[in-house]
There are 2 protein chains.
Amino acid sequence: MSSMAAMPNPHVSADCAASDVVPDLSTVWLRVFVEVARHGSFTVAARTLGWTQSAVSRQVSSLEGALGGAPLFDRLPRGVRLTEAGRVLVPYAEAVAETLRGAGRELAALRAVAGGRLRFGAFATADAALVPHALAVFRTRHPHVAVHREEGFTPALLERLTAGHLDLAVVSTTSGDLPTAAYTLHHLLDESLYVAVPAGHPLAAGRGPVRLGLLADADWISGGRGPEGTLLDAALRQGFRPRIVHVVGEWTAKQGYVAAGLGVTLVPALAAASVRPDVALLPVLDEGGPARAVYAATARGRSLPPAAEAFVGVLRESAARIPRAARTMA
Amino acid sequence: MSSMAAMPNPHVSADCAASDVVPDLSTVWLRVFVEVARHGSFTVAARTLGWTQSAVSRQVSSLEGALGGAPLFDRLPRGVRLTEAGRVLVPYAEAVAETLRGAGRELAALRAVAGGRLRFGAFATADAALVPHALAVFRTRHPHVAVHREEGFTPALLERLTAGHLDLAVVSTTSGDLPTAAYTLHHLLDESLYVAVPAGHPLAAGRGPVRLGLLADADWISGGRGPEGTLLDAALRQGFRPRIVHVVGEWTAKQGYVAAGLGVTLVPALAAASVRPDVALLPVLDEGGPARAVYAATARGRSLPPAAEAFVGVLRESAARIPRAARTMA
DNA sequence: GGTCAGGGATGCGACAAGCGAATGTCTAGC
DNA sequence: GCTAGACATTCGCTTGTCGCATCCCTGACC
């Protein structure tokens, strides 16, 4: 309310700069009223707005009518002057204009990925290397985006996606059985598998790629009671049903079991970098197609927040940066 | 933004109560957007607004267009859901709605004289009894009006009125020469005059009304160097030019001079109540019309703030309450 | 004091925005 | 596969509102 006391230069009025940022939510009467109040003249305000005087006159008149008939301006021979009612309205009008400008700014920031939020989830081994790297890049490029991260298994993540709690989920599938009807899948990478064996294991000497069938009789350590839906369904695809002797969810714990010689287990390539020295990793030959595919999933039919869109791109870059050796060995 | 989480009862939505207080500044798109966001459905929002679904659909669509084409809602089979852009817009829309409601409330308060401001001025003797009483009544009836009071001589007050610094001025004239073209005059009262003489003065014995001519040869104490434009032009109207021996502006000081026997002076009826005991007041017989007229003046062509309008009424009441004896003795 | 200029109000014609009704399209659920 | 619910779209028409021209009023100037 102090900014409009005396403004000799109409060109610096705040809305001309905002008009390309804010696509004019200003609701006509608001702009007209503020402009007239600023200049104390219908004619000058009309010129400023690029309208005719009669249009301004009628706009003000209908605004006064909508406000119960109380005049907002006294019509004087030399222009107009705010009445008490008009004087009361000014700060509100300016507050509304400022709020709308703020909305425009924030929406523009949203489009430019300089604001808004990103809520995503990822499965554990994606968090070993892929996601941290992508996140670091993303935060550097878009520091003003509020990031919310969750960790979880693929089914749970997809459920959170459906419920609208996540914008994006980094998920994996060993069998390509993701419900593609409900989600859009952005392919990130296909990763090969490793078999983790104790350092002294006979196969560890060769260090070369192995057929999974060679381990058909081994004791297996798995994340689930059955092989279905876990990495071990790769074994099913190669024709044997592994004997699961220990169910261990946590990767660090799994390594401990393997190192102790209690069994062998499968390790996705994304987790291969973080293996303890007394465990040996042997590449598994892909005989039944890629062992595991990693996707960025988004809810189909729901528009992607700009930040999520950008994050998909960054994830793709990060996936491409993963060493060739860690990816599918075809 | 918390109030819209789950609102099963659409009848308590805030705008139905406000719609008669606020004559709908809400700019259509604002109400539509908020209503749709609240209900998560175009159809339900349309029912709430008393419109058809197609109208809501097009309103939202054109709003999205005006915002650069970014969808505000995801259209789902079971209704709609805010996108990130829509989620960002919600608090702004609610802030705007609240601001507009506030404006409506304050304008309504203004009409009901439960808000706004009253800026008035009065000449000194009006401040002796008339204005304080009126002001006390006014503040009791309209406690939320911000009152700004000034004191000054009639010409200065009228100038302030013209400049727009005052809404109302309590002014007086001894000759009816107020520029009625520029002001609207609300007649309050015609007051008679008293002659103040020392308690031991010969005329004080009778205590009855006196002709001013009896004091043609007295020493006079006046507020100005000449009688014109002051109370003493009543003497001019009665045919003599008083000899002014002391120029004293302040009424208390004047009394001191009179009590000391240095001269006599005229006292307007409004100030008669505050006279010291060693000064006697003698009514002056009205021979040339009312001695002094008191008006509430407002600037012509400028609309009166409701508070000023109300104050004129209160001033009229207060003037009518002044004892008959203090008013014109015809 | 008469004329002129500045400024707001208003009548008129026309264009465009926006509403209602009806219809189309898509999805979920049975 | 069919039905129901929900949003999008099309069509016709009402309504709002702009520009243009003109009128009215007031203050200034000659």
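Each chain gets a letter, A, B and so on, in the order the sequences are listed, and its residues count up from 1.
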For atom [atom1] of [X] and atom [atom2] of [N], their distance in whole Å:
{"X": "A:Leu49", "N": "D:dC18", "atom1": "CG", "atom2": "P", "result": "10 Å"}
{"X": "B:Gln59", "N": "D:dC7", "atom1": "CD", "atom2": "C1'", "result": "16 Å"}
{"X": "A:His39", "N": "C:dG8", "atom1": "NE2", "atom2": "C1'", "result": "17 Å"}
{"X": "A:Asp74", "N": "C:dA9", "atom1": "CG", "atom2": "P", "result": "11 Å"}
{"X": "A:Glu64", "N": "C:dG8", "atom1": "CD", "atom2": "C1'", "result": "12 Å"}
{"X": "A:Leu76", "N": "C:dG8", "atom1": "CG", "atom2": "P", "result": "9 Å"}
{"X": "A:Leu63", "N": "C:dA9", "atom1": "CG", "atom2": "P", "result": "13 Å"}
{"X": "A:Arg300", "N": "C:dA28", "atom1": "CZ", "atom2": "C1'", "result": "16 Å"}

* Answer yes or no: is there a side-chain heavy-atom contact under 4.5 Å between B:Glu94 and B:Glu98? => no
* Asked: Are any non-hydrogen side-chain atoms of A:Phe311 and A:His142 less than 4.5 angstrom apart?
  -> no
Quick check for you: to the nearest 0.5 Å, what is the distance between [X] atom [atom1] and [Y] atom [atom2]?
{"X": "B:Leu157", "Y": "B:Phe123", "atom1": "CG", "atom2": "CZ", "result": "9.0 Å"}
{"X": "B:Glu150", "Y": "B:Leu166", "atom1": "CD", "atom2": "CG", "result": "4.5 Å"}
{"X": "B:Arg300", "Y": "B:Leu161", "atom1": "CZ", "atom2": "CG", "result": "12.0 Å"}
{"X": "A:Arg47", "Y": "A:Gln53", "atom1": "CZ", "atom2": "CD", "result": "10.5 Å"}
{"X": "A:Tyr295", "Y": "A:Tyr183", "atom1": "OH", "atom2": "OH", "result": "15.0 Å"}

* Close aromatic pair by centroid cut-off 6.0 Å: B:Phe33 and B:Tyr92 -> no
* To do: Answer with base, sugar-phosphate or nothing: what part of the nucleic acid does A:Ser41 contact at a heavy-atom distance below 4.0 Å?
  => sugar-phosphate
* May I ask you to say what B:Val80 touches in the nucleic acid, namely base, sugar-phosphate or nothing, with a heavy-atom cut-off under 4.0 Å? => sugar-phosphate
Got a list of protein N/O to nucleotides 8-15 of chain D N/O distances below 3.5 Å?
unit_1 : atom_1 : unit_2  : atom_2 : d
D:dA8  : OP1    : B:Arg75 : NE     : 2.4
D:dA8  : OP1    : B:Arg75 : NH2    : 3.3
D:dA8  : OP2    : B:Ser57 : OG     : 2.7
D:dA8  : N7     : B:Gln53 : NE2    : 3.1
D:dA8  : N6     : B:Gln53 : OE1    : 3.3

What nitrogen or oxygen pairs link the protein and nucleotides 25-30 of chain D at under 3.5 Å?
none

* Are any of B:Thr43's side-chain N or O atoms less than 4.0 Å away from OP1 or OP2 of D:dC7? -> yes
* Asked: So which pairs with a foot in residues 72-85 of chain B pass salt bridge (charged side-chain N to carboxylate O under 4.0 Å, His left out), sequence neighbours left out?
  -> A:Arg117-B:Glu84, B:Glu64-B:Arg75, B:Glu84-B:Arg87
